[in-house]
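Data first, discussion second: the structure below is written as structure tokens.
The chain is numbered in sequence order, starting from 1.
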Amino acid sequence: KPFLGIAALEEKIVNDKTTVNDIGFINVGSQEFRGWTALGIVDIYRAIAMSSNIFFYTIGGGYGNIAGLGPIKMADYLGRFGFSKSTRIDLPGESEGFLPSPDWKRATKREGWFVGDSYNMSIGQGFIQVTPLQLALATAAIANNGTLFKPRVVKSIMAKDGRIIKNIEPEVLSKNFVQSESLAIVRKAMHETVVSGSARALANLPGGAGGKTGTAEFGDPKDRTHAWYTSFAPANEPKIALTVLIEGGGEGSSVAAPI
């Protein structure tokens, strides 16, 4: 949701004053797409802080007088943050994750792309697959104002006597791929998540933090969920990014965020 919020700001589909009335569901034809509760009038700050599915369905797939990003632009912006690509970490066996497209769905599922597919994609569900490492790096890119770094296991190589033989220098994968103004809005929204939103149990952390909870449905039965929390801290001058995933753990806000 934070990354697609940035995409919608970049594409001028919304600004930080645009509001959506979250009544808890959207009806498209005979299909109903639900949120976790009715949140009322939400802007991008409250939509991220309270994790409004309805706001993100609207900016992702479109609804009413708001045109959605659609699957191609959603994949484009998620790709800019490193999703569906190897991070090139110095470890073997890394997964690249996956971002779907209408062409892929036609080729593999033998059916067209529906607005419901865009709605699922807009909240990180449906066919999307991500790794915790990708999410941590993408969260760090929000925190550091738009630089995506190659992750390293080793910081330096030292001799037995403590002399540094070699420092492993940071390597930039990409930068300046979205505007600073969009990143600043989403950082503020993620800070609001901790101050008054779904991660407010962490409101008293020294220095403050920004974060986003996530609860991802998977497999059968349908009520099984992964618990996610991704974060950066301190709030104003971030030094760390941290992503927590509890597989099959339940709710992000009650299970992953406290960890």
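The environment of NZ in K188 is sparse: at most 12 heavy-atom neighbours from other residues, nucleotides or ligands sit within 6.0 Å. Taking a 6.0 Å sphere around NZ of K73, one finds it holds 12 or fewer heavy atoms contributed by other residues, nucleotides or ligands.
There is no side-chain donor-acceptor pair under 3.5 Å between S86 and E96. In the model, Y77 has a side-chain atom that pairs as donor or acceptor with a side-chain atom of E11 under 3.5 Å.
The two atoms that bring S118 and W113 nearest to each other are OG-NE1, 2.8 Å, heavy atoms only. I13 and G68 make their closest contact through CD1-C, 3.8 Å (heavy atoms, listed as atom of the first residue, atom of the second, distance). Smallest separation of non-hydrogen atoms from L69 and L4: CD1-O, 4.0 Å. Nearest heavy atoms, I72 versus P102: CD1-CD, 3.9 Å. Closest approach of G250 and T215 over heavy atoms only: O-CG2, 3.5 Å. Minimum heavy-atom separation, N145 to R187: OD1-NH1, 3.4 Å.
Proximity of a side-chain donor or acceptor of Q134 to a complementary backbone N or O of T131 within less than 3.5 Å is detected. Checking side-chain atoms of T193 against main-chain N and O of G211 turns up a donor-acceptor pair under 3.5 Å. With D22 contributing its side chain and G24 its backbone, the two residues share a donor-acceptor pair below 3.5 Å. Side-chain atoms of S84 never come within 3.5 Å of backbone atoms of G97 as a donor-acceptor pair (strictly under, hydrogens ignored). Side-chain atoms of N144 come within 3.5 Å of backbone N or O of A140 as a donor-acceptor pair. Here the side chain of D43 pairs a donor or acceptor atom with the backbone of R46 at under 3.5 angstrom. In terms of modelled atom types and a separation under 3.5 Å, the side chain of Y119 and the main chain of G62 share a donor-acceptor contact. H226 contributes no side-chain N or O that, together with a main-chain N or O of A216, makes up a donor-acceptor pair within less than 3.5 Å. In this structure, K1 contributes its side chain and S51 its backbone to a donor-acceptor pair below 3.5 Å. In this structure, the side chain of H191 engages the main chain of A209 through a donor-acceptor pair within 3.5 Å.
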Taking it one step at a time, do S253 and T213 satisfy side-chain hydrogen bond (donor to acceptor under 3.5 Å, both in side chains)?
CA-CA 6 Å; S253 58; T213 57; 5.4 Å; no
Determine, step by step, whether R224 and E217 satisfy the side chain to side chain contact (heavy atoms under 4.5 Å, CB included) criterion, reporting the C-alpha distance in whole Å, the side-chain angles of both residues, the deciding distance to 0.1 Å, and the verdict.
CA-CA 6 Å; R224 297 182 72 194; E217 297 173 358; over 6 Å; no
Tell me, with the steps shown, if K212 and I48 meet side chain to side chain contact (heavy atoms under 4.5 Å, CB included).
CA-CA 7 Å; K212 181 72 189 74; I48 288 176; 4.0 Å; yes
Show the numbers, then the answer: is there a side chain to side chain contact (heavy atoms under 4.5 Å, CB included) between K166 and S156?
CA-CA 6 Å; K166 181 181 180 182; S156 60; over 6 Å; no
Quick one, E247 with L245, criterion side chain to side chain contact (heavy atoms under 4.5 Å, CB included). Give me CA distance, side-chain angles, the key distance, then yes/no.
CA-CA 6 Å; E247 294 180 273; L245 165 64; 4.1 Å; yes
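When I59, I44, V178 are each tested for a side chain to side chain contact (heavy atoms under 4.5 Å, CB included) with L9, only one passes: I44. The salt bridge (charged side-chain N to carboxylate O under 4.0 Å, His left out) with D117 is formed by just one residue from the set R106, K109, K105; it is K105.
The shortest side-chain heavy-atom distance between R152 and V154 does not fall under the 4.5 Å cut-off. Between P151 and F149 the shortest side-chain heavy-atom distance does not fall below 4.5 Å. Looking at heavy atoms from C-beta onward, L39 lies out of side-chain contact with I54 at the 4.5 angstrom threshold. Side chains of W228 and L135 form a contact here, defined as non-hydrogen atoms less than 4.5 Å apart. Put simply, the side chain of Y229 reaches to within 4.5 Å of the side chain of L202, judged on heavy atoms. Here the side chains of M50 and T37 are not in contact, with every heavy-atom distance at 4.5 Å or above. At least one side-chain heavy atom of I128 sits less than 4.5 Å from a side-chain heavy atom of L78. Counting heavy atoms from C-beta on, the side chains of R34 and I26 never come closer than 4.5 Å.
Once rounded to the nearest 0.5 Å, the distance linking NZ of K150 with CG of L137 reads 12.0 Å. A distance of 11.0 Å separates CZ in R80 from CD1 in I6, rounded to the nearest 0.5 Å. To the nearest 0.5 Å, atom CG of residue N120 and atom CD of residue Q125 are 7.0 Å apart. Here D161 contributes atom CG and R163 contributes atom CZ; the two are 4.5 Å apart, rounded to the nearest 0.5 Å. Considering OH of Y63 and OH of Y57, their distance stands at 12.5 Å, rounded to 0.5 Å. Considering CD1 of I157 and CD1 of I168, their distance stands at 4.5 Å, rounded to 0.5 Å.
Cluster membership for F232 and L205, using ILVMFWY side-chain heavy atoms within less than 4.5 angstrom, is not shared. Residues V28 and M121 are members of one and the same hydrophobic cluster, defined by side-chain heavy-atom contacts under 4.5 angstrom among Ile, Leu, Val, Met, Phe, Trp and Tyr. Residues I142 and V195 do not share a hydrophobic cluster, defined by chaining ILVMFWY side chains whose heavy atoms lie under 4.5 Å apart. With hydrophobic clusters built from ILVMFWY side chains whose heavy atoms lie under 4.5 angstrom apart, L99 shares a cluster with L133.
Annotation: F177 is in aromatic contact with F81 [ring centroid separation under 6.0 Å]. Aromatic rings from F3 and F83 are positioned such that their centres are separated by under 6.0 Å.
Between R88 and E94, none of the side-chain N atoms (NZ, or NE/NH1/NH2) sits under 4.0 Å from a carboxylate O, so this pair counts as no salt bridge.
Scored by the side chain to side chain contact (heavy atoms under 4.5 Å, CB included) test, N27 finds F25, E32 as partners (sequence neighbours excluded).
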